[in-house]
2 protein chains.
Amino acid sequence: MGAKGLTKEIIVAEAVAYIESTGQPVVSLHELARRLGIKPPSLYNHIQNTKELQYEIFQYAMDTFVANQKAATENKRKDEAVKAFAEAYHSFATEHKGLYRLIMSIPSEEDDRAKELAIPLLDTVVEILSDYGLTEETIAHWQRVFRAILHGFISEEDLGYFYYYKSIDLKKSRDIAVQCFLDGLHAEIGAAVR
Amino acid sequence: MGAKGLTKEIIVAEAVAYIESTGQPVVSLHELARRLGIKPPSLYNHIQNTKELQYEIFQYAMDTFVANQKAATENKRKDEAVKAFAEAYHSFATEHKGLYRLIMSIPSEEDDRAKELAIPLLDTVVEILSDYGLTEETIAHWQRVFRAILHGFISEEDLGYFYYYKSIDLKKSRDIAVQCFLDGLHAEIGAAVR
DNA sequence: CTCTCAAAACTAACAGCATTAGTTATTATG
DNA sequence: CATAATAACTAATGCTGTTAGTTTTGAGAG
């Protein structure tokens, strides 16, 4: 065969390592090749193009993200699970900034492949909300609300748009948001009973 | 002076027009020069670099965004103002996708200039929440919650992460989110009274 | 142990990007 | 009308991704 024992897996691992270290969701093929000790065109023996590499990294990021959430909510139900999920979500996003940004930068409109890869992320949330005994439609709505809050918070924080009133505790704001969601959910359950 | 009547304002206007038409938050100087009928380096007679141009467009986008919100909430108070704001926010983000993406893609961490430009955006929200008679700290928290919900919703929608349960009305989900926020806010007011 | 052949590296090249240096053309003003 | 400043230009550099064509390498067959 060829020269070194280079595989797609090694390339993806190196790309992930780079992304983790920079916090940016992108790697140039030149930078990647440099780190692997080869010339940029040689990468094309293992990958098709940048897009495919992105998908591979995206998949890795999504898998890690979901596994992290499942672990955090494993033996928990209802409010406890919701809170643990929110905490795990935020931790992952801040500790793996590059990976989270990647997950949230692939425009999956008109991109069915990325959409499929994102399904497990939704499933985890839906699973938690299923314990509340709501209709499927209600779950669909509140799952959206929950994820909007979680991502919105990370995103604004990341952009620096929560910079103002800097002295005011961010964690408390986040707890208020999650509690606000839970209260709304509880009210929904109450309404459904009647 | 030089040759044509080209100014920074014209360049920015052309860049904005391009961004509005593509929905992407970026323009290459080559594309911009092509549209203006000049060669790329000539742009440097009017702007310093890509970054400065980005700031100019950012400022325009922010001004338009804020003006739009002020107009939408002008004669409204409390819940009515909150709802109108949410609606205006969403409309702007979907109708001016490129501008909104730009606003939400400039990393203003360690970027004081962009931070300053974003202040009016926060002020509008704070102003609305001020009518509820809450403490400054409470307003700071709930203003974060509100903006997180608004941006989170747009962002997830834009990314296609609300694609699933496609048949289930997005607008209704959004209304639920806003109402959830309002209920939480009302509860906070009730708690403050005691 | 050598020959072969395919896999995987390489070099050379192109196109598109931002940007700089140095040059020419234009135009308002003295 | 001449001058000086302004703003266009060309040429070039160094990034980026990518393709074509060539050489190297190493595993298996004879």
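Values reported hereafter were calculated over all heavy atoms of this structure, with side chains retained and with hydrogens, waters and symmetry mates removed. Proteins come first, then strands; the chains are lettered A, B, ... in the order of their sequence lines, and each starts at number 1.
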_From CD of Glu52(B) over to C1' of dT19(C), roughly how many Å is that when rounded to an integer?_
14 Å
*How close or far is atom C1' of dA15(C) from atom CG of Leu29(A), stated in whole angstroms?*
16 Å
*Report the distance from atom NZ of Lys51(B) to atom P of dT19(C), rounded to the nearest whole Å.*
10 Å
*How long is the line joining NZ of Lys39(A) and P of dC15(D), in whole Å?*
13 Å
*Between Phe65(A) and Tyr100(A), what is the ring plane arrangement, given parallel below 30°, perpendicular above 60°, and tilted in between?*
perpendicular
*Over how many whole Å does the gap from Leu6(B) atom CG to dT26(C) atom P extend?*
16 Å
*asked:* Donor-acceptor check, side chain of Glu52(A) to backbone of Gln48(A), threshold 3.5 angstrom: yes or no?
replied: yes
*In whole angstroms, how far is the C1' atom of dT19(D) from the CD1 atom of Ile47(A)?*
14 Å
*Of the nucleotides dT11(C), dA7(D), dA9(C), which has the atom closest to the Asn45(A) side chain?*
dA9(C)
*Taking the six-membered ring for Trp, are Phe146(A) and Phe181(A) parallel (under 30°), tilted (30 to 60°) or perpendicular (over 60°)?*
parallel
_Measuring to OP1 and OP2 of dC17(C), would you say a side-chain N or O of Arg34(B) lies under 4.0 angstrom away?_
yes
*asked:* If you compare every side-chain N and O of His46(B) against the phosphate oxygens of dT6(D) (OP1, OP2), does one of them come in below 4.0 Å?
replied: no
*Roughly, in whole Å, what's the span from CG in Leu36(A) to C1' in dC10(C)?*
16 Å
*Kindly point out which of dT11(C), dT10(D), dT19(C) is positioned nearest to the side chain of Asn49(B)?*
dT19(C)
*Under 4.5 Å between any side-chain heavy atoms of His90(B) and Glu157(B), yes or no?*
yes
_Rounded distance (Å) that lies between atom P of dC17(C) and atom CG of Leu32(B)_ = 12 Å
*Answer yes or no: does a side-chain N or O of Ser42(B) lie under 4.0 Å from OP1 or OP2 of dA7(D)?*
no
_Whichever of Glu31(A) and Pro41(A) has its nearest DNA chain D nucleotide further upstream toward 5'_ = Glu31(A)
*Just compare dT16(D), dA8(D), dA18(C) and give me whichever is closest to any side-chain atom of Ser28(B).*
dA18(C)
*Can you tell me if the side-chain N/O atoms of His30(A) get under 4.0 Å from OP1 or OP2 in dG17(D)?*
yes
*asked:* Closest approach to the side chain of Ile38(B), judged atom by atom: which nucleotide of dT16(D), dG17(D), dA8(D) is it?
replied: dA8(D)
*asked:* Within the structure provided, determine whether Tyr55(B) and Ile47(B) are in side-chain contact (heavy-atom separation under 4.5 Å).
replied: no
_Heavy atoms from C-beta onward define the side chain here; which of dC9(D), dT19(C), dG17(D) lies closest to that of Tyr44(A)?_
dG17(D)
